[in-house]
Structures are given as C-alpha cells and as structure tokens.
Enquirer: 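Quick one: structure below, then a few questions.
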Amino acid sequence: MATKLGSSFLLSSLTAPPKSPRSRVHHSSPHPPSSLIFSSRPPMAFAAAAASTATALASGRLSASSAQQRRPSSRASFSPGASPRAVAARRRAAPAARAAVSVRAEAGKKRVLVVNTNSGGHAVIGFYFAKELLAAGHAVTVLTVGDEASDKMKKPPFSRFSELTSAGGKTVWGDPADVGAAVGGASFDVVLDNNGKDLDAVKPVVDWAKSSGVGQFLFISSAGIYRPTEEPPHVEGDAVKESAGHVGVEKYLAEQFAGGWASFRPQYMIGSGNNKDCEEWFFDRIVRGRPVPIPGNGMQLTNITHVRDLASMLALAVGSPGAAAGRVFNCVSDRAVTLDGMARLCAAAAGAAAVEIVHYDPAAAGVDAKKAFPFRNMHFYAEPRAAKEALGWASTTNLPEDLKERYAEYAASGRGGKAMAFDIDDKILAAVGKAPPCRDRTSK
C-alpha cells in the first residue's frame, strides 16, 4: 500500500535543512514544470552560498572540513545499523574539527579491474565507468561473470564492449570466485565489484584483492538497504536493514581494507545501453494510447540518475582515494521526480500530446505492485551529499532530455510496433471501473 504523506509534509521535507572456468581476454534543456521534478537543493536564499561552496570544493580552494561549517555533515563512523535517534543526534551535533581533506586528484594513472555483473540494470554502470577511466588514461580490465558466448552477451551493454577494447581496455569472462585465474595473474591498483549482492559473492574478490596488494576497493551497493524513513530523503548515515546482503559486504570491507574502501549506493538509472525496463514500461503504454496505471496517488518521489553521473562519481573516487576512503556515497542525482511526473515526462519525450494516468490501490485491485509497476510504491529517494562534500562531484542528469535519448533508442528498436499483452493493466482498469482499450494503436 502506498505511503501516504500530506502535501504540507512533502513541502517541509523538501525544503527543511538536511537532517573457475578458463577465461578469454581481448586486448586491444528544457526544464519540466516544478510539479514534476523536485530539487533537493536549498531554497533560493541559500543557493548562492551552496554553489560557492561546491565550486570551491571542486577547485580545491576549500577543504572538506572547512565546508563542514557551512552545511551539515554527511560523514560518520561506519555504523550501517545506526538507530534513527542516534542518526538524529549526529545531525544535530556540531561537526568535530578534523584535518582538511584535499579533493584534488592524486597523481598517477591506475590499473583498474571492474568485476561486472552479467544481468540486470547494474551492468551498464561498469561499462560507463570503464569508458570514463579509459578516457582519462587509466588501464582498465572488465571481468564479466560467465561465458562470452552466452546469449546475454548479445544484449547491451555487452554488445558494445568493442567500444572498450578499441579504447585500449581489456575484456575478460570468468568466475569471480576465482578472480586470480580469470585475470591471468595480472596486478591492479583498484578493484570495483559491480556484481555481488552479498558477502558470499563478494568475499572471494575482497580476499584476493587484499592478498594481491590492491590499494583501493570500491563496491556497488544499493540505496535499497535503507530502512523506510518519515524524513525523506535518505542521507549517508541513515539507518539500514541489517538483513540486507550489501550491509554485510560493507562491514567486511571496513574490516579488511580499513581506509582503502568506499561503497556506492545507486537507485534507478537511465542511459544508453541500459537493459532493464523502467522508462520503456511507460513508453510501451504511451505509444499504444493506453492508460498508465500508477499505484497510490502518484506523488511518491524517487531518483532516476543518468549512468554517466554514476560513472563520474566512481571515477572521482579513483582519482582521489584519500577523499573517498572509508566512506559511503549515495550514488544518485540531486533531483527527485514524482511517479506521475515520470509518466508525463515520458509522454513528452515520445511526442505525445497527453497521457492518461489511472491511480489505483494494489490491494483492492488484487495485484502485486512489484509486478505491476517498475518502481517502488513509496517515497524512495536519496541525496548525494557525501559525493558533493568529499569529491566535489556535481550531477549532470537532465531527466527530460535523457528521456528523449532513451525514446529515440526505443523507437529505433521497433519495440513500439510489436504485439504486447497487458493482462495486469486490464485487471487494474477493471478494478477501478474503467474498460480497457478495445485495440492498441500500434500493436499487431
């Protein structure tokens, strides 16, 4: 059932102060209406000061510790299970004085290994991260789980790996449980695990990295590990679900790599090469002239971030390992969008004059919201405070324009003209007393 928060709460929460198989190796815009996208940036009265601080951090003129005097700290000793009361106490407490941390890139090119998943939306993170590092002159090897000849490798982003090898990168397929054999005994300065979701999957990579002398270990976690909060957005240091597999990995990294680790918690992402349906779910209905069923009242907030933003944040951590050391980063854009807003922005990207939105109660309709809708049926968004503070990172996500990029790919794929069943949608429409369309415009 949708989380229900009054409009007054929404406004106050948005504007209030932040609270071993053998492996093969290859060598070689316009802004939307304000009701659709919500900014997590400070009100106008404080915008200039915030921008000045961010610029000074990025240029290295202002240390992270000095910036603490201008905004609440997002840094805390690692305690993923911190109680809400303890977190609130830390937020209220005046930040303790500490040595200045330079955010300037540390000299030297790195040898980086990306352990990349072979399924789900996260695979595109490793792809963009590798491209970002190669462009900066680093040496990159991408180890993808499984077999190069599998059908999964025929889909993006894997089908675009030639972009990595042509830029001087290496691509390897194998078993992360025997990562040393998969990479042929090669040595690395940095490892990113973008595959494992629990300690059983990640521990072999961590143990190998430590024994091999790797200096920095980065981990793709998930913002889904946060406990639900009455004070959105999620910020670094908020309480997490102790049962979540990612939490166990973060704890183990803190033990094994001391200050040489960092964890990144993404949410939903957008970008060319993404193979997980999100915006496509909306396009499927919009191009066929069908209603878009959204659970709850449609005002639930979430983050959708272009994958280039995720990659740039990771690359900054590689360039400034001291600034990233021992920290957790919300790997998200600095804006939120409503679920209704997402439907309308997708319609605009597709060139539709309007979109019909149907709100429903999943329980009353007798459907599982997780199967009927691509996003969580609740407020689910975070702020990237730590990345701005420690790394001087800035978001470039522009959702209206990014959706145009995705719709162009959608149209080119021919998916909009294929026959498609909408059985769950029709069940929802019947439950709210609305007859389903007699015929989809473009289905055959």
Enquirer: Less than 4.5 Å apart, any side-chain heavy atom of L310 and any of M269?
Expert: yes
Enquirer: Quick one, H379 and P228 - any side-chain contact, counting heavy atoms below 4.5 Å?
Expert: no
Enquirer: Salt bridge between D151 and K154, side-chain N to carboxylate O under 4.0 Å?
Expert: yes
Enquirer: Measuring only between side-chain heavy atoms, which start at C-beta, is V318 closer than 4.5 Å to Q216?
Expert: yes
Enquirer: Examine distances only and state if a side-chain atom of D198 and a backbone atom of A201 form a donor-acceptor pair shorter than 3.5 Å.
Expert: yes
Enquirer: If you look at every heavy atom in N303 and S333, which pair is closest and at what distance?
Expert: ND2-O, 3.3 Å
Enquirer: Go through it in stages, so that I can follow the logic: the residues are F264 and F219, the test is ring-ring contact (aromatic ring centres under 6.0 Å, His included), and I'd like the CA-CA distance, side-chain angles, deciding distance and then a yes or no.
Expert: CA-CA 6 Å; F264 297 81; F219 174 58; 9.6 Å; no
Enquirer: If we only count heavy atoms from C-beta on, is the R111 to S187 side-chain gap below 4.5 Å?
Expert: yes
Enquirer: Where is the tightest heavy-atom contact between G174 and A182, given as atom of each residue plus distance?
Expert: CA-CB, 4.4 Å
Enquirer: Which class fits the ring pair F283 and Y410: parallel under 30°, tilted 30 to 60°, perpendicular over 60°?
Expert: tilted
Enquirer: Is it true that D402 and Y407 share a donor-acceptor pair across their side chains at a distance under 3.5 Å?
Expert: no
Enquirer: I'd like to know if the side chain of E231 and the backbone of T229 have a donor-acceptor N/O pair within less than 3.5 Å.
Expert: no
Enquirer: Can you tell me which residue among F257, Y252, W261, W208 is in a ring pair (Phe, Tyr, Trp, His ring centres under 6.0 Å) with F217?
Expert: F257
Enquirer: Would you say D178's side chain and D175's backbone share a donor-acceptor pair under 3.5 angstrom?
Expert: no
Enquirer: Could you check whether any side-chain N or O of Q267 sits under 3.5 Å from a backbone N or O of A382, counting only pairs where one atom can act as donor and the other as acceptor?
Expert: yes
Enquirer: Can you check whether H122's main-chain N or O pairs, donor with acceptor, with N194's side chain at less than 3.5 Å?
Expert: yes
Enquirer: As an exercise, state the distance from CZ of R406 to SG of C346, rounded to the nearest 0.5 Å.
Expert: 10.5 Å
Enquirer: Considering non-hydrogen atoms only, spot the tightest contact between P374 and F282 and give its length.
Expert: CG-CE1, 4.2 Å
Enquirer: Check the pair V206 / D193 against side-chain contact (heavy atoms from CB on, under 4.5 Å), numbers first and verdict last.
Expert: CA-CA 9 Å; V206 176; D193 192 300; over 6 Å; no
Enquirer: Let's go through Y268 and N274 carefully: what are the C-alpha distance in whole Å and the side-chain angles of both, what is the deciding distance for side-chain hydrogen bond (donor to acceptor under 3.5 Å, both in side chains) to 0.1 Å, and is it a yes or a no?
Expert: CA-CA 11 Å; Y268 303 118; N274 192 358; over 6 Å; no
Enquirer: If I compare all heavy atoms of G259 with all of A325, which pair ends up nearest, and what's the gap?
Expert: O-CB, 2.6 Å
Enquirer: Is the shortest heavy-atom distance from the side chain of Y381 to the side chain of P232 under 4.5 Å?
Expert: yes
Enquirer: Answer whether the closest heavy-atom distance between the side chains of L192 and L113 falls below 4.5 Å.
Expert: no
Enquirer: Please report the shortest heavy-atom distance between V214 and F188, naming the atom on each side.
Expert: CG2-O, 3.6 Å
Enquirer: Between atom CZ of R160 and atom OG of S272, what is the distance when rounded to the nearest 0.5 Å?
Expert: 4.0 Å
Enquirer: Do S395 and D309 have side-chain atoms, one donor and one acceptor, less than 3.5 Å apart?
Expert: yes
Enquirer: When you measure from the side chain of N330 to the backbone N and O of V332, does any donor-acceptor pair fall under 3.5 Å?
Expert: no
Enquirer: Output yes when a side-chain donor or acceptor of S222 lies under 3.5 Å from a complementary backbone atom of G224, and no otherwise.
Expert: yes
Enquirer: Where the side chain of N116 meets the backbone of V142, is there a donor-acceptor pair that is under 3.5 Å apart?
Expert: no
Enquirer: Evaluate the ring-ring contact (aromatic ring centres under 6.0 Å, His included) criterion for residues F375 and W281: first the C-alpha distance (whole Å), next the side-chain angles of each, then the deciding distance (0.1 Å), finally the verdict.
Expert: CA-CA 10 Å; F375 299 126; W281 184 93; 8.3 Å; no
Enquirer: Quick test of your reading of the model: are E242 and R227 salt-bridged, counting only N-O distances below 4.0 Å?
Expert: no
Enquirer: Decide yes or no on side-chain contact (heavy atoms from CB on, under 4.5 Å) for S221 and I225, but give the supporting numbers first.
Expert: CA-CA 8 Å; S221 180; I225 69 176; 3.9 Å; yes
Enquirer: Assess whether side-chain contact (heavy atoms from CB on, under 4.5 Å) is satisfied between V140 and F129, documenting all intermediate values.
Expert: CA-CA 10 Å; V140 183; F129 178 52; over 6 Å; no
Enquirer: Please report the C-alpha distance between K241 and Y226 in whole Å, then the side-chain angles of each, then the deciding distance to 0.1 Å, and finally whether the side-chain contact (heavy atoms from CB on, under 4.5 Å) criterion is met.
Expert: CA-CA 6 Å; K241 306 166 189 172; Y226 286 116; over 6 Å; no
Enquirer: Got a salt bridge between R265 and E250, using NZ or NE/NH1/NH2 to carboxylate O under 4.0 Å?
Expert: yes
Enquirer: In terms of side-chain heavy atoms, does Q300 have a donor or acceptor partner in N377 at a distance below 3.5 Å?
Expert: yes
Enquirer: Rounded to the nearest 0.5 Å, what separation is found between the CG atom of D277 and the CG atom of D284?
Expert: 6.5 Å
Enquirer: S320 side chain to A323 main-chain N or O, any donor-acceptor pair under 3.5 Å?
Expert: no
Enquirer: Any salt bridge linking E383 with K388? Criterion: basic side-chain nitrogen under 4.0 Å from a carboxylate oxygen.
Expert: no
Enquirer: For P362 and P295, which heavy atoms make the closest approach, and how far apart are they?
Expert: CG-CB, 3.8 Å
Enquirer: Quick one: pull up NZ in K170 and CG in L134 and give me the separation to the nearest 0.5 Å.
Expert: 11.5 Å
Enquirer: Drop me the distance from I294's CD1 to M299's CE, to the nearest 0.5 angstrom.
Expert: 11.0 Å
Enquirer: Run the side-chain hydrogen bond (donor to acceptor under 3.5 Å, both in side chains) test against T141 and tell me which residues pass, sequence neighbours left out.
Expert: none
Enquirer: Please examine the side chains of T396 and H306, heavy atoms only from C-beta on, and report whether any two atoms are closer than 4.5 Å.
Expert: no
Enquirer: Between I270 and L403, is there a side-chain heavy-atom distance shorter than 4.5 Å?
Expert: yes
Enquirer: Taking only Lys NZ, Arg NE, NH1 and NH2, and the carboxylate oxygens of Asp or Glu, determine whether E409 and R415 approach each other closer than 4.0 Å.
Expert: no
Enquirer: Starting at CG of N275, measure out to OG of S119 and round the result to the nearest 0.5 Å.
Expert: 8.0 Å
Enquirer: Salt bridge or not for D147 and K152, using N-O below 4.0 Å?
Expert: no
